Amino acid sequence: MADTNMTSRRRDFIKQTARFAVALGASGGLSGIAPASESRSQSAGAFPKGFLWGAATAAHQVEGNNINSDLWLVEHLKDSMFREPSGDACDHYHLYEQDINTLADLGLTAYRFSIEWARIEPERGYFSQAELQHYRRMLEACHRRNITPLVTYSHFTVPRWLAMDGAWENPGSPNLFANYCERATRALGDLTAFAATFNEPDIPHLLHWIILPGDKPGSSLVEQMAAGKDAIRHQLNAPRFSSFLFGDAEKSRQNMLSAHGKGKAAIKSVRSNLPVGFTLAMEDDQPAGADSHVEQKRADVYGPWLKLAKKDDYMGVQTYTRSLVATKNLPPPAGAALTQMGYEFYPESLEHTIRYANKETGVPVIVTENGVATEDDRKRIEYIQRALQGVKRCLADGIDVRGYIQWSLLDNFEWTFGYMPKFGLIAVDHETQKRTPKPSAAFLGNIARNNSI
Ligand code: BGC
């Protein structure tokens, strides 16, 4: 039995390696992908051969019933900073195959999703083979449709046992994370095309700079979140409870920087040629006024991560808007068109962050998130079109961009904002779980089919 399994796994591995040869280059790893500058095709609107066209999700936002995670607990408190609980979300846990098939039918070639640590290790030291097999089936569903899977190991949530023990503030968290990375890679690494340890580990620092419309001067989002933490601890009667989104930013960052290094080493110890990186939340920071702190902001938010990314195989850039930076971010300019999140509608931001990320790190860039929260799908089409013009300009200047992945495949659970913001290419009725692709899904799918705008 074991032998048969081994043989069929090996057969699968050979099959999928052949497929990755297109995306990853025959030698495996990113160094094998034809760099953008070499593989650019003749027609003016064309993207490089093998350019990844995809959409993204994150486990907690789409799977539903992520009951062993920290945020499930917080969402269900009487006094919660969440507008509503995640509940069944998009039931992607059960409907993943349908969703991956739709993504492929649209013409897209890549799917970025996260695996959920809280499911895989629901109690400290107990690893669920059944959950690992679940994610293996998701990867197999991608391969059946020639979809390149990009796997994120940690997208904001942590297991509640870790949250009870301080989450990323806990000095033991890097080793615990590396252990999880190793176990997950042993089960899933042979089917994974790109691994990211973390999604946007810079968010807590970024939140220090953001003041939302209506906030009291000097009261950044992070200060509001930190105040919420005390209320949560009190309600849970858990004095050490913490979480990525409202933890002590400085302590958490030190541990996450170390966790990235250890996690990456653990992944590579299982599959040395698997490209590993992380993704960063990057605003297009533009100086405002004579005393702009734009450089301080960049050093504070991205600095340590960009330094680390120089040693990675690629870097994931995630951009939604620009920010005008005085001593903190200013509110969007008067009269600017706003998205449902209250950000300025500013698709050109992506071009600027790609240029910045590539200049600072020198490693290939994959746009791992970009998108807009809107009820008006025509605005999403406009956003994609304008953002991609920017990607094209980067490529024309020889910047090594390997793919464009939209946030998000589905209308999903937007954290504290609940289900209100609509980021999806596909609408989801959360009562019936019926999916309805929007015109923007066909629009992006068409671009992917033509590999051209
Ligand atoms: C996160 C996603 C989130 C999206 C839209 C990114 O910060 O990675 O989880 O839903 O932005 O706000």
Side-chain angles (χ1 to χ4, degrees), residues 54-64 66 69-71 75 81-84 86 89-90 92 111-118 150-158 196-210 212 221-222 225 243-246 249 256 277-284 301-302 305 315-323 329 338-347 349-350 353 357 366-375 379-380 383-384 387 404-426 428:
T57 61
H60 189 76
Q61 295 179 270
V62 293
E63 285 182 345
N66 188 16
S69 68
D70 54 344
L71 295 187
E75 286 158 26
M81 55 179 76
F82 284 78
R83 195 182 148 119
E84 57 193 319
S86 51
C90 304
H92 186 64
Y111 182 36
R112 171 175 179 250
F113 64 95
S114 71
I115 54 174
E116 183 57 59
W117 186 3
L150 297 91
V151 174
T152 305
Y153 283 58
S154 173
H155 193 125
F156 295 174
T157 41
V158 296
T197 51
F198 289 121
N199 177 71
E200 302 186 339
D202 58 330
I203 279 278
H205 280 77
L206 184 59
L207 294 180
H208 273 287
W209 290 80
I210 298 178
L212 292 179
L221 201 52
V222 82
M225 301 283 264
S243 185
F244 168 70
L245 288 174
F246 46 77
M256 291 181 89
F278 57 84
T279 76
L280 268 199
M282 305 190 84
E283 294 185 323
D284 171 12
V301 179
Y302 322 119
W305 290 106
M315 185 181 154
V317 167
Q318 310 198 158
T319 297
Y320 289 87
T321 191
R322 72 166 165 176
S323 56
N329 283 8
L338 301 182
T339 74
Q340 283 182 307
M341 301 293 285
Y343 311 147
E344 183 180 359
F345 182 91
Y346 192 80
S349 54
L350 180 62
T353 54
I366 302 177
V367 178
T368 39
E369 281 184 29
N370 178 246
V372 59
T374 178
E375 288 278 8
K379 296 303 286 179
R380 193 178 335 276
Y383 190 95
I384 293 173
Y404 176 85
I405 295 177
Q406 251 284 306
W407 184 269
S408 177
L409 181 65
L410 304 167
D411 279 342
N412 62 42
F413 181 68
E414 179 56 29
W415 309 110
T416 50
F417 292 82
Y419 288 101
M420 180 277 289
K422 306 294 183 212
F423 276 100
L425 295 169
I426 298 175
V428 177

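Counting starts at 1 for both ligands and their atoms, in listed order. On a predicted model such as this, the values are computed, not experimentally measured, just so you know. FYI, side chains are in, hydrogens and waters are out, and symmetry mates aren't considered; it's all heavy atoms of this structure.
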Students often mix this up, so state it plainly: with edges at 30° and 60°, are the rings of [X] and [Y] parallel, tilted or perpendicular?
X      : Y      : result
His92  : Tyr111 : perpendicular
Trp305 : Phe198 : perpendicular
Tyr343 : Tyr320 : tilted

Notebook entry, point to check: Short N/O distance, under 3.5 Å, between Asn412 and ligand 1?
Noted result: no
Notebook entry, point to check: Hey, does the side chain of Asp202 reach the backbone of Val301 with a donor-acceptor pair shorter than 3.5 angstrom?
Noted result: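 Not at all, since once roles are kept as given, no pair shorter than 3.5 Å links the two residues.
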Check: Are any side-chain N or O atoms of Glu75 and backbone N or O atoms of Ser86, one a donor and one an acceptor, separated by less than 3.5 Å?
Finding: yes
Which residue and heavy atom of the protein sit nearest [atom], plus the separation:
atom                    : result
atom 1 (C) of ligand 1  : Glu369 OE1, 3.4 Å
atom 4 (C) of ligand 1  : Tyr320 OH, 3.4 Å
atom 7 (O) of ligand 1  : Glu200 OE1, 2.5 Å
atom 10 (O) of ligand 1 : Glu414 OE1, 2.6 Å

Item checked: Any side-chain heavy-atom pair of Thr353 and Asp284 under 4.5 Å -> yes
Check: Which bit of Thr279 gets closer than 4.0 Å to ligand 1, counting heavy atoms only: side chain, backbone, both or neither?
Finding: neither
Under 4.0 Å from a heavy atom of [X]: which atoms of ligand 1 are those, numbered in the order shown and with their elements?
X      : result
His155 : 1 (C), 2 (C), 8 (O), 9 (O)
Phe423 : 5 (C), 12 (O)
Gln318 : 8 (O)

Item checked: contact_flag Phe417 ligand 1 heavy-atom lt 4.0 Å -> no
Check: Going by an N to O cut-off under 4.0 Å, is there a salt bridge joining Glu414 and Arg83?
Finding: no
